[in-house]
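Let me begin by presenting the structure, written as structure tokens, before commenting on it.
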Amino acid sequence: MLNVDEQSYREKVYEIVRQIPVGKIMTYGQIADILGEGYTARTVGYVMNAASTQKVPWQRVINSQGGCSTSKMTTPHNLQQSLLEEEGVIFKNEKCDVKTYRWTPEGYEEEDDQPNLFG
DNA sequence: AACTTGACGAGGG
DNA sequence: CCCCTCGCCAAGT
């Protein structure tokens, strides 16, 4: 049994990434927000950099713009995008609709505090 | 221990 | 839409 609290900094990130279902995505900032305690979009991105060699669906983590930050980096052109397209994610101009594909792990539902304007 | 680098994000021009 | 600035925090030098 591995308690999240016993996991290393990176393992906590992997733990969430492993839960992302096929055809869905999460953003770095979203993951950082869920983990809270000292995590930021930037550090999550740092962790994901080394995730390509881990047992995690790293391709399902993209930036808040709906694009793959790996497009113009080390990885072959748009490997990440290709992998997501194979999962059913539709890309338009190298970007997908984050609103449509974003996923949130159960138990970490986004806080939707909408003021009761019409009380 | 100080400085620099990032698969980032929100804002402003 | 593109470019720049600031904030964020782990790792590498």
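Chain letters run A, B, ... following the sequence lines, proteins first, then strands; residues in each count from 1.
- Across the protein-nucleic acid pair, A/Gln54 atom CD and B/dA7 atom C1' stand 14 Å apart, rounded to whole Å.
- For DNA chain C, the span of nucleotides reached by chain A at under 4.0 Å from its heavy atoms goes, 5' to 3', from C/dG7 to C/dA11.
- Counting all heavy atoms, side chain and backbone alike, A/Lys12 lies closest to A/Tyr39 at CD-OH, 3.2 Å.
- In this structure, A/Ser64 reaches the sugar-phosphate backbone alone: every heavy-atom distance under 4.0 Å involves primed, P, OP1 or OP2 atoms, never a base.
- In this entry the distance linking OH of A/Tyr28 with C1' of B/dA10 reads 17 Å, nearest Å.
- Among the candidates A/Gln81, A/Gln59, A/Gln80, the single residue satisfying the side-chain hydrogen bond (donor to acceptor under 3.5 Å, both in side chains) test with A/Thr70 is A/Gln80.
- In this entry the distance linking CD of A/Gln59 with P of B/dA7 reads 18 Å, nearest Å.
- A/Val13 and A/Tyr46 fall into different hydrophobic clusters, where Ile, Leu, Val, Met, Phe, Trp and Tyr are joined by side-chain heavy atoms under 4.5 Å apart, directly or via other members.
- At whole-Å resolution of the value, CG in A/Asp33 and C1' in B/dA10 are 13 Å apart.
- Two residues are said to be in side-chain contact when any heavy atoms from C-beta on lie closer than 4.5 Å; A/Asn78 and A/Glu85 fail this criterion.
- Of the possible polar contacts, one joining the A/Asn63 side chain to the A/Gly66 backbone as a donor-acceptor pair under 3.5 Å is found.
- In terms of position along DNA chain B, the nucleotide closest to A/Tyr46 lies nearer the 5' end than the nucleotide closest to the other residue of the pair A/Tyr46 and A/Asn63.
- One can place CE of A/Met48 at 12 Å from P of B/dG9, the figure rounded to the nearest angstrom.
- Looking only at side-chain heavy atoms (C-beta outward), A/Cys96 and A/Ile62 come within less than 4.5 Å of each other.
- Both A/Thr43 and A/Asn93 lie close to DNA chain C; mapped to their nearest nucleotides by heavy-atom distance, the more 5′-ward contact belongs to A/Asn93.
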